[in-house]
Amino acid sequence: MSADLTPRPAGPLDGPTPATAEATLPPDEMPPTASPSGARRRPGASFFVGLGLVGLVVLMALVSFVWTPHDPTFVDASARLRPIGDPDYPLGTDKLGRDVLSQILVGARTTLFVGLVAVGVAGLVGVPLGIVAAMAPRRAGEPLMRGIDLLLAFPALLLAIMFSAVYGGSTLVAMVAIGIASVPSFVRLVRSGSLQVLSTEYVLAARAAGRGPWAIGVHHVLPNVSGLVIVQASVSFAIAVLAEAALSFLGFGTPPPTPSWGRMLQESQELLFAAPRLAIVPGIAIALAVLGFNLLGDGLRDHYDPRMEDRR
Amino acid sequence: MLLQILRRTATLVASLVVSSMLVFAFMALLPGDPARVALGVNASEASVAQMRQEFGLDRPLLSQYVSWMAGFIRFDLGTSYVSQVEIAPQIIDRLQVTMWLVVCAMVLALVIAVPLGTVMALRHRKPSGLVLSALSQVGVAVPAFLAGILLITVFAVKLQWLPANGWTPPNEDPVQFLRQLILPVLALGLVQGAVLTRYVRSSILDVQREDYIRTARAKGLGAGRALRRHGFRNAAIPVVTVLALQLATLLIGAVVVERVFVIPGLGSLLLDQVANRDLIFVQDIVMLLVLAVLLVNFVVDLLYLVIDPRLKVAT
Amino acid sequence: MKHTRIGTAAATALLLALTAACSAGSGTSGSGGTGGASGGGSGDTSLTVGLVAEPVSLDFTTKDGAAIPQALLDNVYETLVAVDQQGKITPSLAKSWTVSEDGKTYTFDLVDNAKFSNGQPFTAKDAVFSINRVKSDWTVSLKAAMDVVKDAKALSDTRLQVTLSQPSNNWLYRMSTRVGAMMTEKAVPDLATKPVGTGPFVFEQWRRGDSISFKANPAYWGTKPFFQQVTLKYFKDPTALNNALLTKTIDVIGTVQAPESLAQFQGNDAYEIVEGTTNGEVLLSFNNGKAPFNDLKVRQAARYAIDHKALMDTCWAGHGTLAGSMVPPTDPWYEDLTGLFPHDLAKAKALLAQTNAAASPVRLRIPSLPYAVSCGQVVKSQLEQAGFKVALDQLEFPAVWLSTVFTDADYDMSIVAHVEPRDLPTVFGDPKYYTRYDNKQLQADLRAADSGTPEEQVTLMKKAAKELSEDAAGDVLFILPNLMVAEKGITGLPKNAITESFELAGLARS
Amino acid sequence: MTTPAISVRDLRRRYRRPRTSVREPGPVVEALKGVSFEVARGERFGIVGESGCGKSTLMRLLAGLDQPTSGEVQVEGRTVSGLPEKQLGFLRSSLQLVFQDPMGSLDPRMRVRDIVAEPLVAQRLPNRRARVAELLEAVGLGPEAGDRFPHQFSGGQRQRISIARALAPSPSILLADEPVSALDVSVRAQVLNLITDLVGDLGLTLVFVSHDLSVVRHVCERVAVMCDGEVVETGATQQIFADPQHPYTQRLLRAAPSMRRAIAGAGAADLVGDPS
Amino acid sequence: MSVLAAETRPKDASTSRVLDVQGLDVRLGRFHLLHDVTFSIDRGERVGLIGESGSGKSLTSLALLGLLPDDAHVSGSIRLAGVGHDLVGARERDLAAIRGRDVAMVFQEPMTALNPTMRVGDQVAEVITIHAGRGGRDKRAARARAVELLDQVGLPDPGDAARAYPHQLSGGQRQRVVVAIALANDPSLLVCDEPTTALDVTVQARVLDLIVRGVSARDAALLFITHDLSVVATVCERVLVMYGGRVVEAGPVTEVFRRPRHRYTQGLLAASDLDSAAAGGRLPTIRGTVPSAGTFPDGCVFRSRCDHATEVCATEPAWAGPDPGNGFACHHPAGAERAS
């Protein structure tokens, strides 16, 4: 699967797909909505659809803290395999008699946790490294980048499997691995963004004003690459959610009894014919969450217009 | 040009050395005693110790590393702790299986992605383009194993058109080989295709904004011809990068689809040997994968030199 | 006396998703026999059986794991004696045998027309070689079963005499397992890749990671098998196994790994379901060696807290046998002891209240095996209803579980299926075993049972089983069922899986 | 006072390009080949040259943003070249920059108030709020401009913000690098007026870099013509424009299209025509 | 000195008019970017189009080549000599056949206008083969012709240059290549959009010279778009002044620049005439800033910045002059008060 874990290299690939800029139109002739950089575009439909889907996941997670219809881990032999629409169990129960709706609600927490850990690791490591790699002199920056490139040689799934084997299978371990595997894309993206920022005259002006490298990194570079980072974070989030599902399928994902959509999907397999709903419900949940984060990323990309080189 | 190649080769070699150390160090961290796992639960401490000695696990790590690397360089991958069979031929067999799967899937992905991505880019503001774009987003969001399970349910179990799973080498029964290949390739290729389509789209959108496309159109080329003659080569650069990365990572990444379709591929081999704690075997597989990724990247780098003349510094 | 293995027995349908090391699919082009769609016509004499765990090697003298004898024993290799479906010892390569008064000397009369597949005839010399080689060259722990043999000699080509150092009921029984497999000295160098035996089938090809194929032995000394070509095909994923049968890639599911999935075959005329029993006791083990489970009250509270019927219904879809002890129904000393600890939450709570075990969570450290994962969640839920606090902890099997739970006994509770035949003495007779159960009286009874007459053995084993159950040394959740699904018309599938082998010779298609 | 505002002595700056051949090291690019000049206090000094002539490198060296390979830069009698950033505090408060790009020289994520206050923050100067309002006033923007972001302003207004920022620490020297090249013609005059007014009112020393001869001619009293890393000619503006000595200066002057000459009948050929 | 030999194609000899633009109007979304733009260019004539950002000058050039975005609403008419149909509303296929043959264009940015992955010679040859028709697609001949053209635009070693990639050439050399591409098929109209803005003064001089001689040799019409008044004055005979998407004044260069009538033209000239202002002294200015495209006031587009604006300026001023190529649109024209 794979697909889900294929690293998405940063750089031109993740390039923006602005909806309004037109190749042939000279920038100074463009109407103001589409023009000045730094100006944020009005977000498009994909942003709102994505926001809605992500909001739904967050809402489910929040609701699960205060209320679930049943204890999601409570095993009830008398209530096994109830169908969808059962008065007590709106989304039915699984083979252990656990309420599917409750598991989906609590599973949303796992999904968010998964994404936050992976994106958190990747971001916390990748963003500073990217800025440092851009600001450091060539002699230091180049080896750093080569080291980061080396990480690319360890695909996410491989890293997750090895980490799980070494540190025991847990969501945290698997997602730290996924996060580490995503570090290179963050570093590359942030570095190229930072290099653009550093080549601007406002950085030169800040230096002339007496700002040290630290202050420039924090006050100029970081805010100006944040748009890129948010977009990348959103995409990485989606990748992490897919990765968790794939790892759960292989038995390296979230261990029981913590409810997780990926494991629900994996557990549902043997009952695919008897109770396809058990696969369909978490399957849809995963797909919608991934879709949500991807769309949000696309929307934000348009919104932030990260083509800094467009600035004239 | 020569300098560029030398420089990249040096980087490749350095990367290989560093990553081999990483791989080895990581293996040393694996909990669980390989000798114990190989011998089973009731083996006496004496026989476990003897097995450890046989495996060379009692030697200092450095000497273990050196002898492993020395063998690796000669492509003498050693003998499996567990099955006591030569490792190299096993990996090659599994690699062949996975290569069939992955290469066919990538070809399918390309066949899907290039035309679809182009259409999506050319019509990115028209309803047809938006619908395709939305479809590709959904494709990206579906876990590949779910796609595989659905394909099996529909085409194998319900319609009985194709076998649900299994693998037959092509030289044994070409027809059965193809029949068994279709569904896994679809599962993998469709999802990869959706991902790739997004890249093709965004890459072509970027290229379309370039001034030289405007120049080409001012020369009298229609939008489509301008893109074909001037855009594709430039748009190919980022797409080739993704393609190469996908290809390399799929060697292991295909494991999920291999699982669903019961295909004896490289990924499954790795999982099994991790479970067996067949350390030398795992080391070899991981190192070969790393080698594959690095080599693919190396080749892609060289490919850039061909595609993009700007990288060839004028002499 | 320690020759029980744990968990790895595929013969009894254990779902060891990760145990079997499958190795590379050999690219060598074998002759046919790929076990493709066999179509199911009655005249078809090829068969494909879907199984779970693939062997890591074909040499069970040095490699542990039940998958090897499952494939080879009774099919390629034969033993002197065999065990029938009721658990009785029957003749095989030995037509008959006598035991001396003191129970120490066994004299076997061997069949005279058996031949190894390399063409050599099977003689008493080969039997002596095989028995001696267990002691000299085997490395797996099972070899201990031969420790009791003092001497083996060939009285003639068809007459073998074995002398034991002390009487042992167990020895003859073990001779029906892989330890008793008859081999020829000539074939020993290639044990791992080219097994040679006297059985009804001849090993043909092993495509690592995929399948093992046999063809019928044209020179077999006994009843010739119906099928000329048999392929054992290995699936790690239960759904894939089911799909393979549904799409006619295989003819038989040799071990149903997901009992829930039986539903899709039930009531379908194209398939037949075979249900019997196995030797596999799914044991909720307690660490008797340390707090809190060194306290009888805590152990009893746990046993009362478990609703075994509900548990089997939820995690094994109601298939299996409730026994209440470490003895499966096919053993001669079986007794239904389920009445000793009926589900009783009130009692469980009361007992627990007398201790402080509820104060801190107990660690239920389960191996990453599907049955353990699903039963573990049920056990956790049930124990918590009785007031226990349970921390569920999934350990990678085999590597991590073996070192943490099995070797280091760093656990409070675990769940694992003990699938070795007659394994009560191993699990509870050795205080160093991971159950850390030390009961001198029980140990003495077990020794006496082994060396006594068969009648004494039954009586003493019954006593031991009951003692163990009352002492709540562990809680047998249920006995695993033998579940198979076959295409309609396949006959001769063994109802009970109580030996190490998956016997193919009796199978036929009507 | 005889100490010049800026004194540059035999300034050289070499860059080594990445190597392109296996055997030879990377080629050396000499951006500056021994530049010397002085700018007197209160003077409006112009530097003219085409792209690649080294004027940008010179600017960076003057501002202490880069280190010369050899030679010396002195600002108000104190050596700048060779000093680490930490010891350049005096330079940061006495010399400030205005750049060409009205968008790129302002951080798009900062409010105008913070942009203008940045030198004050960096140099830990007091009374920031009042000073910012004062500066915005001085460059012709209302104090309410401080709440907005750069992209809400037009090019000319952004250049005013740049100027306000440069003036924040009350420098005595203003370095303006092509400050009006990117502006619309109708706005260019406003900004030029602003610069000349401020320089006059505050008694600043102005170093004005431009490729546009007419602008330099209008703004500066003295001018240096740069070509290929060297100053080929220095002198009073009037004198150089009236009677260029160096062939390059002559070529440059002739190549610049002029409305007057055009209306008098000069065509494109006259911009390149060989004088000989 | 290179003489640009023009292979003159038989053209419609009955009229000397090459381009006739009538009432060109462009809207993009809710923005009205071009208003009623009308002008014409005769054979051999060099017309300048002056305008600041947002004036619509580049949009006009794109409209002439039919390269406006798909979602732009265009009305009016653009007729080109030798082309039997109106360019407005023409099919993309027909427009493509015209581009590069009858009308060619030189863009502002030489650094990005060429395909980085294609040899320069091939890029020049391409424009020849595209329009050569089925019979004339001789690659070798086209390549030879490309080298010839590169020689004509003054590239040293044209043979080597043809084999070079764009990044191996300097900005000025690249712009010469772009000019060679534009002139390859001897177009009847050459449109140059700020062709020298990105170039150095000395390079600019040579490129301007090249363009002027290129069109003269072909007797082609030139539309030269720039914001630089002195460049227009040097290159062109006639000038159109655009502001806010309209042509506000038109006439012979000497006339317009000596005696501007529209207040905008007047202000622009004053503000840019650095030569006559006292050194270091104040310059005359136009107040305010240029609005962004599509946001100019209605009525007189200049009234928001005009010192002479009155209430009447809220109505659109009529065109005052004998023809669209001569006159202005201002309620309070300069020179009028002098007269009064």
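Numbers restart at 1 for each chain; the letters A, B, ... are given by sequence-line order, proteins then strands. As a basis for the values below, the full set of heavy atoms in this structure was taken, side chains included, without hydrogen atoms, waters or symmetry mates.
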Quiz prompt | Rounded distance (nearest 0.5 Å) linking atom CE of M111(E) with atom CG of D211(B) | solution = 12.0 Å

Quiz item: Rounded to the nearest 0.5 Å, how far apart are CG of N115(E) and CG of N234(B)?
Solution: 5.0 Å

Quiz item: Atom OG1 of T112(E) and atom CZ of R209(B): how far apart are they, to the nearest 0.5 Å?
Solution: 14.0 Å

Quiz item: Okay, side chain of T117(E), backbone of R233(B): is any donor-acceptor separation there less than 3.5 Å?
Solution: no

Practice problem: With a 4.5 Å heavy-atom cut-off (strictly below), which parts of residues 91-99 of chain E touch chain B? List them by number. | Solution: E92(E), A96(E), R99(E)

Exercise. To the nearest 0.5 angstrom, please state how far the CD1 atom of I130(E) sits from the CZ atom of R225(B).
Key: 6.0 Å

Quiz item: In this structure, are over 12 heavy atoms from other groups packed under 6.0 Å from R123(B) atom CZ?
Solution: no

Quiz prompt | Value rounded to 0.5 Å, distance of CD in E210(B) from CG in L114(E) | solution = 12.0 Å

Exercise. Can you measure from OG1 (T215(B)) to CD (E109(E)) and round to the nearest 0.5 angstrom?
Key: 11.0 Å

Self-check item: Nearest non-hydrogen partners of L65(E) and A218(B), listed with the distance
Solution: CD2-CB, 3.8 Å

Quiz item: Which is it for H230(B) and Q123(E) under the side-chain hydrogen bond (donor to acceptor under 3.5 Å, both in side chains) test, yes or no, and what are the steps along the way?
Solution: CA-CA 10 Å; H230(B) 295 275; Q123(E) 301 196 44; 5.0 Å; no

